[in-house]
Trainee: 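I'd like to ask some things about the structure below.
Every chain is numbered from 1, with letters handed out A, B, ... down the list of sequences. Computed from a predicted model, the values in this text were never measured in an experiment.
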Amino acid sequence: MKLASWNVNSLKVRLPHLEEWVAQKRPDVLGLQETKLEDHAFPHAAIEALGYAGRVVSGQKTYNGVALLARGPIADVATAIPDFEDPQRRVIGGTIAGIRVIDLYVVNGESVGSEKYDYKLAWLAAVRNWLADELARHPRLVVMGDFNIAPDDRDVHDPVAWREQVLCSTPEREALKAITDLGLHDAFRLVEDGAGHYSWWDYRQGAFRRNHGLRIDLVLVSDALKRHVLAAGIDCAPRTWDRPSDHAPVWVDLDV
DNA sequence: ATGGTGGTGCGACCA
């Protein structure tokens with residue numbers, strides 16, 4: 001089973017890229033973030049035509065919005081963090097062929113110390129508690145998405161410039177560690193130790209051309225799935241296409 | 001350099 005995550009930054013604009021990328025890579029499960037579409041506007045027919053009979057969405061206008069796609073049915077769908085009031089549509093989960101899959105669009109946080117940053121840390125704490133519960137019920141768990149956190153300095157093009165800045169700050173990294181300490185493993189780091197692999201490049205200042213990126217899009221696999229990881233990676237190609245998302249798709253291949 | 005680019009949607013906002 002090949003699973004992928006992609007922040008498309010408007011599914012309406014990026015549908016042609018999604019179609020091209022899916023045709024090339026054929027993921028069995030795909031989690032999308034920043035669809036920026038209300039549920040009634042989701043392009044079900046186009047996505048079904050790509051081979052995704054299973055489609056669950058939690059969208060809103062202009063901001064946020066997530067979707068989870070699968071070849072077959074998606075059961076026990078979750079669209080909210082339990083016991084956490086949140087008007088923003090940032091989470092979707094379901095059970096696909098016996099694997100529990102959670103797709104997250106983590107709060108960006110704007111800047112360290114801002115109101116949005118405090119919301120980010122509270123949101124991450126609530127997600128940690130939710131995932132603890134999910135993991136207890138579903139040992140075979142995958143958590144994917146735009147985490148808006150670079151796990152360590154290997155994931156940052158200029159760690160000095162980014163030191164204690166939003167996406168890299170110690171409290172954010174500790175919040176991510178509180179999640180991975182549940183028994184979830186960054187699939188990319190199971191196959192690659194080195195620095196310089198990124199999944200997001202700012203649209204401004206030619207950041208992609210200069211490879212000024214961060215690795216903030218992750219696929220986490222539970223202890224029970226760790227030994228089933230065949231491969232994992234980041235596909236930078238769509239970032240080179242015309243009118244790209246600022247994020248690249250990330251993926252993991254499991255022998256399940 | 002208090003900037004820059006892109007999406008939404010037509011004025012700011014969010015990233």
Side-chain angles (χ1 to χ4, degrees), chain A residues 5-21 31-43 46-47 57-67 81 85-92 103-124 127 144-151 155-158 160-169 171-173 175-176 198-218 234-250:
Chain A
S5 168
W6 196 0
N7 179 325
V8 292
N9 186 19
S10 170
L11 182 55
K12 184 178 172 182
V13 171
R14 230 63 68 192
L15 184 58
H17 282 200
L18 185 76
E19 291 172 329
E20 174 63 25
W21 189 74
L32 304 177
Q33 306 91 38
E34 284 205 88
T35 55
K36 299 186 176 180
L37 289 174
E38 291 181 292
D39 291 351
H40 67 79
F42 191 84
I47 300 291
V57 301
S58 181
Q60 66 182 90
K61 187 161 59 173
T62 309
Y63 304 120
N64 310 309
V66 287
I81 305 164
E85 287 293 323
D86 191 1
Q88 304 191 12
R89 314 318 279 167
R90 295 179 172 276
V91 306
I92 193 155
D103 179 41
L104 303 177
Y105 174 45
V106 174
V107 177
N108 172 280
E110 190 187 24
S111 59
V112 174
S114 68
E115 275 185 32
K116 289 173 188 168
Y117 182 82
D118 294 341
Y119 165 50
K120 180 178 195 172
L121 295 179
W123 193 93
L124 285 163
V127 165
M144 58 167 67
D146 175 0
F147 280 73
N148 268 319
I149 301 169
D155 306 309
V156 182
H157 73 92
D158 186 346
V160 172
W162 281 89
R163 185 173 175 277
E164 296 301 333
Q165 300 301 301
V166 74
L167 313 184
C168 299
S169 73
E172 290 166 89
R173 286 176 169 172
L176 176 59
Y198 310 128
S199 67
W200 169 81
W201 302 260
D202 200 294
Y203 284 121
R204 296 165 285 192
Q205 298 175 311
F208 182 69
R209 178 177 50 79
R210 300 193 286 167
N211 201 25
H212 287 185
L214 301 180
R215 192 174 69 90
I216 57 177
D217 298 87
L218 310 176
I234 305 170
D235 187 0
C236 299
R239 190 65 176 78
T240 71
W241 299 348
D242 187 48
R243 248 187 131 184
S245 169
D246 46 349
H247 293 255
V250 300

Trainee: Within a strict 4.5 Å, meaning less than it, do heavy atoms of the A/L104 and A/V127 side chains meet?
Mentor: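 Yes, their side chains come closer than 4.5 Å.
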Trainee: Does B/dT2 have a Watson-Crick or wobble partner in any strand here, with both distances under 3.5 angstrom, and which is it?
Mentor: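 Checking every strand shown, B/dT2 finds no partner, since no pair has both distances under 3.5 Å.
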Trainee: Run the side chain to side chain donor-acceptor pair (under 3.5 Å) check on A/D246 and A/W201 step by step: do they pass?
Mentor: CA-CA 6 Å; A/D246 46 349; A/W201 302 260; over 6 Å; no
Trainee: Counting just side-chain N and O atoms, does A/R90 come under 4.0 Å of either OP1 or OP2 of B/dA15?
Mentor: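 Looking at the OP1 and OP2 atoms of B/dA15, one of them is under 4.0 Å from a side-chain N or O of A/R90.
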Trainee: Output the rounded distance in Å from OH (A/Y63) to C1' (B/dG11).
Mentor: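 After rounding, the reported distance stands at 10 Å.
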Trainee: Roughly, in whole Å, what's the span from CH2 in A/W162 to P in B/dA15?
Mentor: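 So the CH2-P distance, A/W162 to B/dA15, works out to 13 Å.
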Trainee: Between the side chains of A/N9 and A/Y203, is a donor N or O closer than 3.5 angstrom to an acceptor N or O?
Mentor: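 A/N9 vs A/Y203: donor-acceptor pair found between side chains.
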Trainee: Find the distance A/K120:NZ to B/dC14:C1' and express it as a whole number of Å.
Mentor: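 One finds 14 Å between C1' of B/dC14 and NZ of A/K120, rounded.
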Trainee: Nearest-nucleotide wise, let me know which of A/N148 and A/G206 is further upstream toward the 5' end of DNA chain B.
Mentor: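 Counting from the 5' end, the first nearest nucleotide belongs to A/G206.
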Trainee: For a quick check of understanding: with a heavy-atom distance under 4.0 Å over all strands, which category does A/R239 fall into, base, sugar-phosphate or nothing?
Mentor: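 If one applies the 4.0 Å heavy-atom cut-off, A/R239 turns out to touch nothing in the nucleic acid.
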Trainee: Give the rounded distance in Å between these two atoms: CD of A/E34 and C1' of B/dC13.
Mentor: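 Result: 13 Å.
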Trainee: Given the C1' atoms of B/dG4 and B/dA15, what is the spacing between them in whole Å?
Mentor: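 It comes out at 13 Å once rounded to the nearest Å.
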Trainee: Side chain of A/K12 only, please: which of B/dG7, B/dT8, B/dA15 is the nearest?
Mentor: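 Among B/dG7, B/dT8, B/dA15, the one nearest the side chain of A/K12 is B/dT8.
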Trainee: Could you state the CG-P distance from A/N64 to B/dC13, rounded to the nearest angstrom?
Mentor: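 From A/N64 CG to B/dC13 P: 16 Å.
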Trainee: Expressed as a whole number of angstroms, how long is the span from A/L37:CG to B/dG7:P?
Mentor: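 After rounding, the reported distance stands at 14 Å.
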Trainee: Which listed nucleotide (B/dA15, B/dT8, B/dG4) is nearest to the side chain of A/K36?
Mentor: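 Of the candidates, B/dT8 comes closest.
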Trainee: Answer yes or no: does a side-chain N or O of A/R243 lie under 4.0 Å from OP1 or OP2 of B/dG7?
Mentor: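 A/R243 to B/dG7 OP1/OP2: side-chain N or O found under 4.0 Å.
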Trainee: When you measure from the side-chain N and O atoms of A/T62 to the phosphate of B/dG9, is any distance below 4.0 Å, counting only OP1 and OP2?
Mentor: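 Looking at the OP1 and OP2 atoms of B/dG9, one of them is under 4.0 Å from a side-chain N or O of A/T62.
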Trainee: Using atom P of each nucleotide, how far apart are B/dG9 and B/dT5 to the nearest Å?
Mentor: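 To the nearest whole Å, 22 Å.
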Trainee: Select one nucleotide: of B/dG9, B/dG7, B/dG4, the one nearest the side-chain heavy atoms of A/K61.
Mentor: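 So the side chain of A/K61 is nearest to B/dG9.
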Trainee: In terms of the nearest nucleotide of DNA chain B, which residue is placed more toward the 5' end: A/T35 or A/V107?
Mentor: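 Of the two residues, A/T35 wins.
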Trainee: Starting at atom NE2 of A/H212, determine the distance to atom C1' of B/dG4, rounded to an integer number of angstrom.
Mentor: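 My rounded result for the distance is 14 Å.
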Trainee: Contact class for A/F208 (heavy atom, under 4.0 Å): base, sugar-phosphate, or nothing?
Mentor: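 Contact class for A/F208: none.
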Trainee: Any idea how A/H212 and A/H157 line up, ring-wise: parallel (<30°), tilted (30 to 60°), or perpendicular (>60°)?
Mentor: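 A/H212 vs A/H157 ring planes: parallel.
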Trainee: How many whole angstroms separate atom CG of A/D146 from atom C1' of B/dC14?
Mentor: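 To the nearest whole Å, that distance equals 13 Å.
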Trainee: Atom OG1 in A/T35, atom CZ in A/F42: separation rounded to 0.5 Å?
Mentor: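 If I round to the nearest 0.5 Å, the distance is 7.0 Å.
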Trainee: Compute the centroid of each ring, for A/W241 and then for A/W21, and state whether the two points are separated by less than 6.0 Å.
Mentor: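 No, ring centres 6.0 Å or more apart.
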